[in-house]
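The figures that follow rest on heavy atoms only: side chains count, while hydrogens, waters and symmetry mates do not. The chain is numbered in sequence order, starting from 1. Since this is a predicted model, take the numbers as computed values, not measurements.
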Amino acid sequence: MSGRTITTPHLPTVATSRAARELGLRRSEFDLAVRLGRVRTVPDEGGGGTRRVAHSEIDRLRSAEDFPEGLRGGVQVVGTREGAALMDVTAARFTRLARLGLVSPVKFYLNRYRAVVWLYLADDIRRFAAAEEHRALLGGRTPEALRDRLRAGVDLRPRNWRERHLEFLLRQADGPWQRAGALAALLAPDQIAETVTDPGDRARVDRFRLDPPAQGVAGSPSARIAETIATAADPDEIGRLRADLARTVEQARRHRPGPRPAPHRTANADGPTPRREPRSATTHRPDRPERTRGFLSRLCRRSP
């Protein structure tokens, strides 16, 4: 046996809190940078489901010419009023553009009245306003087709947020079962059960299915609102997610199949149950009578 031990080198990493400090970001800015893929994280080798940041990733970000302004500016978020000011439009027009899905929110929170407040990347709004093809939408009358959609009650803000949220979950997935859990995170439990019919596969999917971003105490009205936003609502969206989930589970099963319970056999499943022969004393304990007689004779000799 060789005396040499082969070891796998570990990637030097730091906790996310320390990475945020070294990158000059507030924790909310750092979390958003991770969600957007601007800062790459790796699983903690110690387990527990936490994430860490490699030293090399911090060095990469710090070596950028526009660091730290570029990194911080890339995660700047604004609300409706600030976004309207960046576009030089009214808040009402900005809201209509957001409802039509022309600008996509990146975050949301619930205010004290449990109203949903959407937040947008400032860079996204600047790019939208600078595009020549959008000039007609920033002034004048909104096209009739778009007004019809608004009158019909269209609001694509939740769906566009879900698309960005799914991108984040898939980036964090480290394997096929984790990707299946990411897709399932946007579906209702009954839709998951209808798509993943095998109980063992469904248990593995549920293991990696994450809850929606926290909004209040679990089970509270705020938490239920957040769950509604995080759950696919449109039929075509649900259909696409279910198809992707079914395909991903099939790939995961081939890549790393889960344990399967032994088939349950009934008494009449494969014919009559074999009859067990009675145990014979002479067969299993041939020396028991002799041992008993020997014990009694020794006892008699010891008696006074």
Side-chain angles (χ1 to χ4, degrees), residues 28-29 31-39 64-66 68-111 113-171 183 186 212-213 215 225-226 228-241 243-244:
S28 60
E29 294 173 331
D31 291 343
L32 182 57
V34 171
R35 293 181 66 84
L36 296 173
R38 309 279 175 87
V39 178
E65 292 183 0
D66 60 350
E69 291 80 8
L71 179 60
R72 183 173 293 169
V75 294
Q76 179 189 1
V77 294
V78 294
T80 298
R81 291 184 179 180
E82 299 92 336
L86 288 175
M87 280 189 181
D88 195 20
V89 299
T90 65
R93 182 179 288 268
F94 181 89
T95 299
R96 290 196 295 270
L97 294 174
R99 286 179 56 192
L100 290 166
L102 299 175
V103 288
S104 301
V106 71
K107 292 177 67 176
F108 74 90
Y109 69 91
L110 272 62
N111 63 19
Y113 305 108
R114 297 200 189 102
V116 180
V117 179
W118 298 102
L119 299 175
Y120 308 83
L121 282 178
D123 277 353
D124 286 354
I125 296 174
R126 294 189 187 99
R127 282 192 293 269
F128 183 90
E132 185 65 30
E133 63 269 21
H134 297 152
R135 291 298 176 87
L137 296 172
L138 301 180
R141 189 173 178 82
T142 303
E144 185 64 28
L146 297 181
R147 292 206 306 272
D148 288 342
R149 298 188 67 192
L150 290 170
R151 283 192 289 264
V154 66
D155 188 352
L156 296 179
R157 289 174 294 182
R159 178 166 180 167
N160 284 345
W161 176 85
R162 286 192 294 270
E163 289 181 358
R164 281 189 135 156
H165 183 56
L166 179 59
E167 290 174 359
F168 161 69
L169 294 178
L170 291 174
R171 275 196 301 269
L183 293 163
L186 272 63
Q215 293 287 336
I225 293 173
T228 299
I229 293 173
T231 304
D234 301 325
D236 63 319
E237 180 187 13
I238 294 172
R240 177 179 57 81
L241 287 170
D244 290 347

Open item on the list: So for atom CG, which belongs to D88, do other residues, nucleotides or ligands contribute more than 12 heavy atoms lying within a distance under 6.0 Å?
Closed with: no
Task: Residues in side chain to side chain donor-acceptor pair (under 3.5 Å) contact with Q215, at least two apart in sequence or another chain - done: none
Open item on the list: Within this structure, what is the CZ-CG distance for the pair R147 and L100, rounded to the nearest 0.5 Å?
Closed with: 11.5 Å
Open item on the list: In the structure I gave you, are the side-chain heavy atoms of L169 and L183 within less than 4.5 Å of one another anywhere?
Closed with: no
Task: Smallest separation among heavy atoms of D234 and R159, with atom names - done: OD2-NH1, 3.1 Å
TODO: Taking atom CZ of R151 as the centre, report whether more than 12 heavy atoms of other residues, nucleotides or ligands fall under 6.0 Å from it.
DONE: yes
Task: Residue pair V78, L121: steps toward the side-chain contact (heavy atoms from CB on, under 4.5 Å) verdict - done: CA-CA 6 Å; V78 294; L121 282 178; over 6 Å; no
Open item on the list: To the nearest 0.5 Å, what is the distance between CZ on R164 and CD on E167?
Closed with: 7.5 Å
TODO: Answer yes or no: are there more than 12 heavy-atom neighbours, outside R81 itself, under 6.0 Å from its atom CZ?
DONE: no
Task: P212 versus A230, closest heavy-atom pair with distance - done: CB-CB, 3.5 Å
Task: pair H134-L97: side-chain heavy atoms closer than 4.5 Å - done: no
Task: side-chain contact (heavy atoms from CB on, under 4.5 Å) involving P68 - partner list, sequence neighbours excluded - done: none
Open item on the list: To the closest 0.5 Å, what do you measure between OG (S104) and CZ (R157)?
Closed with: 11.5 Å
Open item on the list: To the closest 0.5 Å, what do you measure between CG (L241) and CG (D236)?
Closed with: 9.5 Å
TODO: Kindly indicate whether the side chain of L32, heavy atoms from C-beta on, has any atom under 4.5 Å from the side chain of V77.
DONE: yes
- [ ] Flag the pair P105 / N160 as yes when at least one side-chain heavy-atom distance between them is below 4.5 Å, and no otherwise.
- [x] yes
Open item on the list: Using the rule given for side-chain contact (heavy atoms from CB on, under 4.5 Å), can you reason through E237 versus E163, listing the C-alpha separation, both sets of side-chain angles and the distance that settles it, and then say yes or no?
Closed with: CA-CA 10 Å; E237 180 187 13; E163 289 181 358; 5.6 Å; no
Open item on the list: Quick check: closest heavy atoms across T142 and L146, and the distance to 0.1 Å?
Closed with: CG2-CB, 3.8 Å
Task: Over all atoms of both residues, closest heavy-atom pair of R38 and L71 - done: CB-CD1, 4.4 Å
TODO: Kindly indicate whether the side chain of V117, heavy atoms from C-beta on, has any atom under 4.5 Å from the side chain of L110.
DONE: no
Task: Rounded distance [0.5 Å steps], CG in L138 versus CG in L102 - done: 10.0 Å
Task: Spacing of I238 atom CD1 and L186 atom CG [to the nearest 0.5 Å] - done: 10.5 Å
Task: Considering all heavy atoms, the nearest A232-R162 contact - done: CA-NE, 3.7 Å
- [ ] Would you confirm whether D66, through its side chain, and E69, through its main-chain N or O, come within 3.5 Å as a donor-acceptor pair?
- [x] no
Open item on the list: I'd like to check V103 versus M87 (side-chain heavy atoms, cut-off strictly below 4.5 Å). Are they in contact?
Closed with: yes
Task: Side-chain heavy-atom pair D155, R149 within 4.5 angstrom cut-off - done: no
- [ ] Establish, yes or no, whether a centroid distance under 6.0 Å links the rings of Y120 and F94.
- [x] yes
Task: Beyond-backbone contact of V75 with D123, side-chain heavy atoms, under 4.5 angstrom - done: no
Open item on the list: Working note: R99 + L156, criterion side-chain contact (heavy atoms from CB on, under 4.5 Å); need CA distance, chi angles, decisive distance, verdict.
Closed with: CA-CA 5 Å; R99 286 179 56 192; L156 296 179; over 6 Å; no
Task: Option among F168, F108, Y109, W118 that satisfies the ring-ring contact (aromatic ring centres under 6.0 Å, His included) test with W161 - done: F108
